Amino acid sequence: MRWRAEKHTPFLLLSPAILTILFVVAIPLAFSLYTSMTPYKLTKPDTINTFVGLRNYVRLFSDDKFWWAFGRTILFLAVALNLEFILGLGIALLINRITWGQRTLRTMMMFPMMFSPILVGFQFKYIFNDNIGILNNALQALGITDGSIAWLVDKPLGMISIITAEVWMSTSVFAILLLAGLFAMPRDPLEAAKVDGCNPWQVFRHITLPFLMPFAFIAMTIRSLDVARAYDIVDVMTGGGPAGRTEVLWTLIARVGYDNSKMGEANAMAYVSTLLSVAFTYYFFTKLVAARRYMGGAE
Amino acid sequence: MKHTTLKLLAATALVPIGLTAPALAGDFDGYTLRVKLIGGAQYEPLYAEIEKWEAETGATVDILSRKNHFELDREIKQDIAAGTLDWCVGSNHTSFAPQYGNIYRDLNELLDPAVLAEFQPLALENSTVDGRLVQLPRHSDISNLYYQKSLYEDEDNKAAFLAEYGYELAPPDTWDQVKDQALFFANPPDFYGTQYVGKDEAITGRFYEMLVANGGALFDEDWNPTFNSPEGVMTVQWFKDLYDAGAVPAGVMNYLWDDTGAGFASGTVALNLDWAGWAAYFNDPDASQVAGNVGLVRAPKGAAGIRSGWSGSHTFSITESCDNPEAAASFITFLTDHDRQMVEARTGLLPTRQSVWDAVKAEFLAEGNEFQAMVSETYAQSMAEDAFTPPLIEPWIEVSNEIWPALQAAILGEKSIQDALDDAAEAAGEIMEDAGYRN
């Protein structure tokens with residue numbers, strides 16, 4: 001009897017966590033997987049009972065609009081995350097050198113993170129407005145252009161404007177984590193390298209950067225999971241348009257699911273989007289493990 | 001016993017459930033009415049009146065939601081899906097109402113015909129879906145053409161325009177004249193001839209009203225899409241020509257109402273088709289560069305001699321699941337009565353009761369506010385003669401979501417106009433088929 005009880009103890013102790021995950025993650029995921037195989041319309045709840053198998057997925061995979069949005073989402077993720085990393089690294093290195101007022105700067109650096117994405121979207125929408133926006137007015141006043149640049153309409157500029165807003169909002173996440181890495185960095189290897197005659201670039205390239213990479217991949221992993229928050233920015237700034245030029249999976253899913261009420265089809269798209277996020281996260285996680293192994297850390 | 005029951009039934013049949021007479025003090029003592037209302041600065045003055053209804057009836061109003069219409073639409077759809085329609089009164093709109101199926105009551109059965117008779121017949125007609133009056137119109141909207149008066153009084157402009165276009169410069173009466181004048185006034189990037197909203201249902205609506213003005217239609221009688229007709233192509237060509245010529249701001253394809261409103265108020269746009277609610281803002285010296293210089297004419301005519309008149313109404317509906325429809329009916333009757341409509345009309349919103357149109361115009365004139373009196377008169381005329389709604393069909397928003405990206409693609413030159421409209425018409429046809437409107 002006692003043996004049995006001991007055998008079950010770990011499961012008992014784990015049960016709160018298992019139950020929480022079951023209710024918060026597993027059941028909603030299973031439910032949305034099921035609804036992605038129905039013609040479920042929000043305004044016609046009975047449609048949830050009709051099972052159509054993989055029809056939503058088949059329709060999706062043969063839809064050009066979906067694949068364009070899929071490709072744009074990958075482009076958005078790749079460019080935004082890399083830019084955030086590079087700029088965050090630069091900011092962290094600069095702040096690390098400061099000896100006076102560092103705390104104040106660190107706090108100020110986190111301000112953009114505190115803005116809600118909707119607010120950031122509105123802010124940048126008006127900065128990039130072609131007629132009354134401050135950017136065009138500044139460029140015209142400085143004599144850099146005498147025309148009106150359609151930042152939110154032009155094909156590459158639309159995506160660039162949105163990525164700028166996203167990078168402005170989230171670079172500090174990288175900066176904070178990388179700065180933590182810099183603070184935790186041992187001084188001995190740096191001093192040894194200097195004694196051995198390494199120049200600053202060599203010190204950065206062969207000592208500082210490899211040490212920071214695990215922190216960078218932790219930041220990448222976190223960001224790849226919450227980057228979908230950028231939906232609000234895209235929705236406010238361009239709504240995915242014009243003519244689908246800035247359409248990403250999140251704007252497409254919201255339109256199909258809520259505006260068109262086709263939640264079954266939207267859930268099929270959301271599943272693909274989730275798999276994409278998982279793929280990015282898995283990739284960064286493997287890179288994190290490799291970076292830690294390179295640094296001699298635990299796997 | 002049987003006779004008593006029959007008598008009771010007969011008596012209740014003679015007294016409609018609807019309490020159309022004004023609610024008496026204490027009628028709904030202790031009752032809490034749960035409502036979901038549209039939020040936003042221009043809607044709030046009316047909500048300040050709610051406490052008067054509470055004092056009159058003894059009921060309490062619990063406002064569960066106060067969001068913009070698109071967010072409210074999402075919330076209501078979630079409530080339908082989750083089966084949580086546990087509230088009584090919701091803000092609604094003529095463009096949105098058809099999608100909600102039968103969640104709302106037929107107000108013909110709930111409200112006194114005498115009360116309904118005080119509303120404009122067209123507003124009630126537009127609030128009717130499948131023969132059921134599912135909403136009570138709160139205020140309506142339609143667009144007319146604002147312009148900068150000084151441009152038309154300038155002698156140099158008059159002479160140059162006459163020489164170039166062969167007719168006198170005057171506020172435009174047709175869409176062709178709007179195009180001529182927009183091209184004439186444009187001097188990008190400092191000044192633009194006109195502007196339009198470029199995305200979402202906003203541009204679908206603008207396209208739709210000009211399509212009708214040009215003699216076209218979105219659908220035929222059997223709900224086959226017909227907007228890819230020559231009239232449809234002509235309509236999109238108008239948008240594209242102005243865009244290609246730089247007569248509209250380069251970013252219009254991303255503009256919504258706030259952008260066009262701010263653009264005209266900045267003094268950099270000559271002509272602007274816009275809603276009534278903007279008039280006071282355009283003429284406010286603290287907010288607008290064109291204050292004191294704003295003219296207004298009725299929306300122009302298209303090739304078919306019809307004026308643009310895309311219209312809709314903000315409304316109130318009562319859910320079928322409401323536990324106290326009498327209180328709900330009393331509440332929406334109160335919010336749309338003469339005095340309450342006056343509150344909204346004074347801020348520039350368009351009333352749905354004829355008596356309010358007359359009263360508010362008289363009030364503006366008595367105050368010496370000739371501009372708002374003129375605005376009121378112009379909009380009254382267009383509401384009475386030009387107003388038409390989009391098709392009141394369940395998949396309207398879905399169809400619109402196929403049309404506007406196609407319009408953008410055509411205007412930006414990513415597709416030919418005909419190809420873009422053909423693709424959208426095909427997609428719209430499938431939607432109408434899926435929704436059971438066509439075989």
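Bear in mind that the values here come from a model prediction, so they are computed numbers and not experimental data. The chains referred to below are lettered A, B, ... by the order of the sequence lines, with proteins before strands, and numbering in each begins at 1.
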Above 12 or not: heavy atoms from other molecules or residues under 6.0 Å from [atom1] of [X]?
X	atom1	result
Met113(A)	CE	yes
Asn102(B)	CG	no
Asn49(A)	CG	yes
Phe122(A)	CZ	no
Trp68(A)	CH2	no
Phe51(A)	CZ	yes
Asp130(B)	CG	no
Tyr258(A)	OH	no

Open item on the list: Using a 3.5 Å distance criterion without hydrogens, assess whether the side chain of Lys77(B) forms a donor-acceptor pair with backbone atoms of Ser261(A).
Closed with: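 Checked: no pair found.
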
Open item on the list: Using modelled atom types and a 3.5 Å cut-off, is there a donor and acceptor pairing between side-chain atoms of Asn129(A) and backbone atoms of Asp259(B)?
Closed with: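 No, Asn129(A) side chain to Asp259(B) backbone: no donor-acceptor pair under 3.5 Å.
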
TODO: May I ask you to name which of Pro242(A), Gly133(A), Gly257(A) has the most heavy-atom pairs under 4.5 Å with chain B?
DONE: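 Greatest number of close heavy-atom pairs with chain B: Pro242(A).
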
Open item on the list: Holding to side chain to side chain donor-acceptor pair (under 3.5 Å), I want the full list of residues that pass it with Thr164(A), two or more places apart in sequence or in another chain.
Closed with: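 Expected list: none.
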
So which residue, [options], ends up with the most heavy-atom pairs under 4.5 Å with chain A?
options	result
Pro395(B), Pro189(B), Ala262(B)	Pro189(B)
Ile411(B), Asn401(B), Ile397(B)	Asn401(B)
Glu414(B), Gln99(B), Lys415(B)	Glu414(B)

Open item on the list: Could you walk me through whether Thr268(B) and Asn131(A) satisfy the side chain to side chain donor-acceptor pair (under 3.5 Å) test, starting with their C-alpha distance in whole Å, then the side-chain angles of each, then the deciding distance to 0.1 Å, before giving a yes or no?
Closed with: CA-CA 8 Å; Thr268(B) 58; Asn131(A) 188 16; 3.0 Å; yes

Chain B contact via [X] - side chain, backbone, both or neither, heavy atoms under 4.5 Å:
X	answer
Asp154(A)	neither
Glu247(A)	neither
Met263(A)	neither

Minimum heavy-atom distance [X]-[Y], with the two atoms named:
X	Y	answer
Ala250(B)	Ala150(A)	O-CB, 3.4 Å
Pro45(A)	Ala81(B)	CG-CA, 4.1 Å
Leu412(B)	Val153(A)	CD2-CG1, 3.8 Å

Open item on the list: Once rounded to the nearest 0.5 Å, what's the spacing between atom CG of Asp130(A) and atom CG of Asn254(B)?
Closed with: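 Reported to 0.5 Å precision, the distance equals 9.0 Å.
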
Open item on the list: Between Pro249(B) and chain A, with a heavy-atom cut-off of 4.5 Å, which part of the residue counts as in contact: side chain, backbone, both or neither?
Closed with: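 Both backbone and side chain of Pro249(B) come within 4.5 Å of chain A.
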
Open item on the list: Need one label for Phe70(B): side chain, backbone, both or neither, based on atoms under 4.5 Å from any heavy atom in chain A.
Closed with: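 Neither part.
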
Task: 4.5 Å side-chain heavy-atom contact, Asp259(A) and Arg74(B) - done: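 Contact flag for Asp259(A)/Arg74(B) side chains = yes.
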
Open item on the list: Would you say that Gln408(B) contacts Arg245(A) through its side chain, given a criterion of any heavy-atom pair below 4.5 Å between the two side chains?
Closed with: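 A side-chain contact under 4.5 Å is absent here.
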
TODO: Could you pull out all residues at least two apart from Asp235(A) that satisfy salt bridge (charged side-chain N to carboxylate O under 4.0 Å, His left out)?
DONE: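 Per chain and number, Asp235(A) pairs via salt bridge (charged side-chain N to carboxylate O under 4.0 Å, His left out) with no residue.
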
Open item on the list: Between Asp258(B) and Tyr126(A), is there a side-chain donor-acceptor contact under 3.5 Å, judged purely by atom types and distance?
Closed with: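 No.
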
TODO: Inspect the contact between Glu402(B) and Lys65(A) and indicate whether a charged nitrogen and a carboxylate oxygen are less than 4.0 angstrom apart.
DONE: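 Result for this pair is yes, salt bridge flagged.
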
Task: Basic-acidic side-chain contact under 4.0 Å: Glu394(B), Lys44(A) - done: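 Looking at Glu394(B) and Lys44(A), the cut-off is met.
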
